[in-house]
Amino acid sequence: MSERPTIVIEVRRWHPDAEQPPWWQAFELPYREDQSLLEALQHIKDELDGSLTFRWSCRMAICGSCGCMVDGRPELSCHLLMGDLAPGPVRVEPLAHFPVIRDLVIDQQDVLDKLPVAGAYLVPGDDTSATEPSRQTPAQVAEYAQFAQCINCLLCYSACPQYGLKPDFLGPAALALMARHDADSRDAGQAERREARDATSGVWDCTLVGHCTEVCPQGVDPARAINRNKGASARDYLLDLLLPGRRR
Amino acid sequence: MSRRLRRSHEPPFWLLFGAGGLLAALILPAVVLFTGLIAPLSGRCGDSGLLEHARMLSLLSTPIARLACAGFIALLAWHACHRIYHLCHDLGLRGGAGLRWACYGTAALVSVIGLVLVMGLPHP
Amino acid sequence: MSRPRTWQPDMRGWWRRDPAYRQYLLREATSLAIGAYVLVLLAGLGCLLLGAQAWAAWCRWVLSPPGLVLQAVVFAAAVLHAVSWFRLMPLTLPPLGPPGRRVADRTLHVGAWAASLICSAGVLGWLVWGA
Amino acid sequence: MTAQRHPDLRVIDCDLVVIGGGGAGLRAALAATVADPSLDIVLVSKVVPMRSHTVAAEGGAAAVLREDDSFEQHFEDTVSGGEWLCDQAAVEAFVAACPRELAQLERWGCPWSRRDDGRVQTRFFGGMRVQRTWFAADRTGFHMLHTLFQTSLRYPAIRRHDEFFCTNLLVDEHGLAGVLGIDIATGHPVLYRARAAVLATGGAGRVYAHNTNAGIVTGEGMALAARHGVALRDMEFVQWHPTALPGSGILITEGCRGEGGVLLNAEGRRYLEDYGLGPLEPWPRPRAMELGPRDRLSQAFWHEDRAGRTITTAQGNAVLLDLRHLGPRRLAERLPMISEVARRFLGIDPVTAPIPVRPAVHYTMGGVATDLDGSTTLPGLYAAGECASAGIHGANRLGSNSLAELLVFGRAAGEAAAVRARSAPRPGEALAAEARACMAPWYAMLEAAPAAERPRVATLRNAMHAAMEDGVGIYRDAEGMARACEALAGLRAAYRDGVALDDRSLAFNTEWLSAIELGHSLQLAEVMAHAALARRESRGAHQRLDAWRARDDAGFLVHSLAWCAADGPPRIEHAPVKLTRSVPRERVYGGAGERVALD
Ligand SMILES: Cc1cc2nc3c(=O)[nH]c(=O)nc-3n(C[C@H](O)[C@H](O)[C@H](O)COP(=O)(O)OP(=O)(O)OC[C@H]3O[C@@H](n4cnc5c(N)ncnc54)[C@H](O)[C@@H]3O)c2cc1C
Ligand code: SF4
Ligand code: F3S
Ligand code: FES
């Protein structure tokens, strides 16, 4: 046990009962190369300080719970290996741009509320009472498959300065899910999603910073999803202008 | 959860920005290369070589060339002003509607002036 | 549910957080140089209209050290702009080609640079041999 | 930081509470609101729904689809896979409902993998004789859960309370009357008064050290029901998945073997041949070799390990899962996540090297005993999903039957609960007082003075893990199980004396919540150990090494039922299994299995 090398992890902490701004706390602990950062945080909680608070669940990069800023970059803590972070020190903070509930736990309600606004669901088109699956070719699946991999981990929201500057912005993941459903051959909800797409807080708050796509652990490419939709939104804007009465 | 969704009026500006950006990416380096390097090497200070007054006027003698020149200037202006507007926002400058008018007003002004100037050019 | 008490982050100095942000701001800042160059061109047009003397004055300024420095900056900005513009362009286009055989980003990229080369050559040709 | 005075109870009235936002809970809520749009439904979950454990399921969901398949065959595979401990009427209803449910999910947007002509693609799974498993690459659970979650956004009648930790069920003379718990963000108590509740809280795999389960799979839902005299059924049957990563326990899906992956021991031999699953050829062949059922494969590993034919890794012994012959294209198309997991967590590229794997606890076959409509013996309480025992898995669940079960029984429970929620009388005012009393012990945990000699949560949890791994493992004997029972009784006593908490504040106190979880987990672990000790035979996932190595249909073709006491050990009884058309016979796989099937 004691033979293992140690590393310092600095965590930014905050508690609503403490009448003070966030503070840093350093923990020194033994680690293994193939241990994830999440496991190191669990070690701190189990052995050193039970009050350290963070979310986690699947520990395999699929549930999207464990996002935090690691050395200034949004990451899934279960997806980083200590071997890659050594020799440290590692700085861990709550995801940027979100209100902090406590320590590494952020308030994600805003994004959850935005999902229905962005129409992040399929609107079944034809006969909904059918008991047979409809058909969709692999090529049709490929049209939206990339955008459908979003685990709602919110890393992209922490990467997007426009979300930080303009909290109304629907944001990368919600808009990627909008594009995911628009591109699904089974969907009939494009018209419903137009209002959100065309809004200022829809695609137009994005200035193509592109960092969302860089940090996404699932390769979703929200920057593409959003900016593709700008063209469509602009087209509809002009058509509405030229053909009054086309809309509403 | 009450979320106001206001329709954005950015599309026309974004289209102009995009057109200007594309134009700039395609030919701006070449144009700067001309005014800043090729022309100076071609002769002395404007009274001879590629930048001769009469030559310039003859280059811009056809309506197409004039329109292209005015369009180039206008689109670049829209491109630049749109970005500058957003840059101000990004840097935390809260100009509100005033900033918007200043930025896009400048672009419009530059476009109009450019157009008036090329149209007024004398024929060689 | 009642919302918990939270600590609100702020955005002061956000660009310090990541090199990617500084690259983004640099890309956006190319517009300042492009804007300045637009003004230079506009002034040139005006001088051209005013006559040979005014035009000569404009030419002198363009070829003076400050004029050349400015154009060097504009050239660098224009190249940076072109690089970032073409890199991001595929993200802004609707999917091209039939489903299942979409045009790859690489193809678009190469195509854009080829177009840029052809257009640049055309413009330069016109400027040099056009009259 | 110490707790403020006892925060005030918030009381909220609604018609139906669904506890759990995993596949089963979401499906139940959707079914209830579709059946009766006027119902006020509250969906509570200790994590945001898409963080639920269903998200981690990889391989797929079973339903008859192909022409060469039939309900009869799905039924047969399931019943023999569960070694005849399945309730056959439940299995019949289940297999008949699966295709409709998976098709419904398709209509809601689930991106199933497709054949070139646009029809849904299926793959082989262990113990299934035809390609019956629908899949969405190797992220089936993820896509199913997100489809259900996104669909739920279309129904505003489903009010969500995410990050609500349920601590108690409240009961009055009519039956279930309320769901009580903690709003995690603030630490404040909340009571939902309702006439019906659907329990969909998932399994209990985290009572073991080495498991494939997410951190939230601590099983308290089952314990909550058990406290009100609802029986827990067949809890001794715990499934070990044969292919998990050593150390972390991260799952390498059975879909790998469904696609043609093979298992090799340290000598490079496909050792399953030596365990009645051969012969090797032809390959791949359903219900044989690597496509045998999970219990058999995990047991084979145990023997290989005993015989020293496993390889040693830093994290324990392992065998090798070889996917190299599938080639890079098929791996990228069918098993992308697994390839990424192997690269990320092991630094191994499955295209060029085999993956070391070993068994880990994966699934809780037992659970709250329910009827076909999810109803339990407590009026108003329904259960579905992994926390329930509807009777379809018997002594060993077949891979891909669980995801289908979430939908089939989640829906049934939701519909039945909707009827009850409309018809039953409203709970009375007295409930709030009872709720306050029920909350008191939880808040007392925060107030208790710190005592140096008290154990930490992690210490007790580790001790529980050790007891279960040691005494109630893949193979069991009376001595080991008795040892586990005793150890667990001791741990429960220590827990009652109090655990040491560093954190005594209210806001998002996860240490406190894991202490509450631990109390429930300990109780479930004890139930598993006692139920195992009481089953004096070997069947499916319950294999003994002592005098009861054989299956005993005369004595033990019975369900075990555990009744929990607040403090002491559970009372174990046995009740008959409902057979309809399949007569118990020898359970054989591989070549021998095919001969039997032909008869
Ligand atoms: C790695 C892995 C892969 C798998 N792959 C497959 C597969 O390919 N095919 C297959 O058929 N099956 C598979 N399974 C099994 C299957 O995924 C699970 O059985 C199933 O997802 C369980 O779903 P559930 O809805 O019952 O519970 P879960 O998805 O676990 O959800 C439980 C819900 O209950 C909530 N909850 C729990 N306790 C409380 C509480 N106290 N208060 C409030 N809320 C609470 C949780 O927040 C959560 O929302 C797999 C399992 C694992 C571990
Ligand atoms: S788009 Fe990517 S980064 Fe953003 S929430 Fe989805 S998975 Fe996470
Ligand atoms: S980072 Fe933000 S600005 Fe747009 S491209 Fe991504 S959403
Ligand atoms: S714990 Fe689930 S994504 Fe990290």
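In the text below, chain A, chain B and the rest are named by the order of the sequence lines, each starting its count at 1. Please read all numbers here as calculations on a predicted model, not as lab measurements.
When C:W58, C:W113, C:F75 are compared by the number of non-hydrogen pairs under 4.5 Å with chain B, C:F75 comes out ahead. Most heavy-atom pairs under 4.5 Å with chain B, from the set C:S120, C:S84, C:G122: that is C:S120. Annotation: maximal heavy-atom pairing with chain C below 4.5 Å, among B:L33, B:L59, B:I73, occurs at B:L59. No other option in B:P29, B:G36, B:A65 has as many heavy-atom pairs under 4.5 Å with chain C as B:P29. Top candidate by heavy-atom pairs under 4.5 Å with chain B, chosen from C:A115, C:A112, C:G130, C:A52, is C:A52. If you tally non-hydrogen atom pairs under 4.5 Å between each of C:L124, C:L39, C:V74 and chain B, the highest count goes to C:L124. Comparing C:G51, C:G44, C:G35, C:G67 by how many heavy-atom pairs each has under 4.5 Å with chain B, the most go to C:G51. When each of C:V123, C:L68, C:L48, C:V62 is scored by its heavy-atom pairs under 4.5 Å with chain B, the top score falls to C:L48.
Looking at B:L26 and C:F86, their side chains come closer than 4.5 Å, going by heavy atoms from C-beta outward. Side-chain contact check for C:L127 versus B:L50: every heavy-atom pair is 4.5 Å or farther apart.
Between the side chain of C:W15 and the main chain of B:L91, no donor-acceptor pair closer than 3.5 Å is present. Looking only at distances, a side-chain donor or acceptor of C:W14 sits under 3.5 Å from a matching main-chain atom of B:D90. Between the side chain of C:H81 and the backbone N or O of B:G21 there is at least one donor-acceptor pair closer than 3.5 Å. Checking side-chain atoms of C:S116 against main-chain N and O of B:I27 turns up no donor-acceptor pair under 3.5 Å.
With a 4.5 angstrom heavy-atom cutoff, C:V128 touches chain B via backbone and side-chain atoms both. Of the two parts of B:C69, only the side chain, counted from C-beta on, holds a non-hydrogen atom closer than 4.5 Å to a non-hydrogen atom of chain C. With a 4.5 Å cut-off on non-hydrogen atoms, B:V31 touches chain C through its backbone and its side chain both. Contacts between B:L22 and chain C at a heavy-atom distance below 4.5 Å involve backbone atoms as well as side-chain atoms. For B:Y85, no part sits under 4.5 Å from any heavy atom of chain C, backbone or side chain. If you measure heavy-atom distances from C:W61 to chain B, you find no contacts under 4.5 Å at all.
Annotation: the span from B:L23 atom CG to C:I34 atom CD1 amounts to 10.5 Å, rounded to 0.5 Å. A distance of 5.0 Å separates CZ of B:R83 from CZ of C:R27, quoted to the nearest 0.5 Å. Atom OH of C:Y24 sits about 7.5 Å away from atom CG of B:L87, to the nearest 0.5 Å. Of the inter-residue distances, the one linking C:L49 atom CG with B:M119 atom CE reads 12.5 Å to the nearest 0.5 angstrom. Taking CG of C:L32 as the start and CD1 of B:I84 as the end, the distance is 5.0 Å to the nearest 0.5 Å. Considering CE of B:M56 and SG of C:C59, their distance stands at 7.5 Å, rounded to 0.5 Å.
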C:L45 vs B:L60, side-chain contact (heavy atoms from CB on, under 4.5 Å): CA-CA, chis, key distance, verdict: CA-CA 10 Å; C:L45 262 189; B:L60 291 176; 4.2 Å; yes

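Within 6.0 Å of CZ on C:R22 lie more than 12 heavy atoms contributed by other residues, nucleotides or ligands. Taking a 6.0 Å sphere around CH2 of B:W101, one finds it holds 12 or fewer heavy atoms contributed by other residues, nucleotides or ligands. For C:Q53, the CD atom counts as loosely surrounded, since its 6.0 Å shell holds 12 or fewer non-hydrogen atoms of other residues, nucleotides or ligands. Sparse packing is recorded around CZ of B:R100, with 12 or fewer heavy atoms of other residues, nucleotides or ligands lying under 6.0 Å away.
Among all heavy-atom pairs drawn from C:G46 and B:L117, the shortest one is N-CD1, 3.7 Å.
Close placement of the C:W85 and B:F17 rings is indicated, their centers lying within 6.0 Å of each other.
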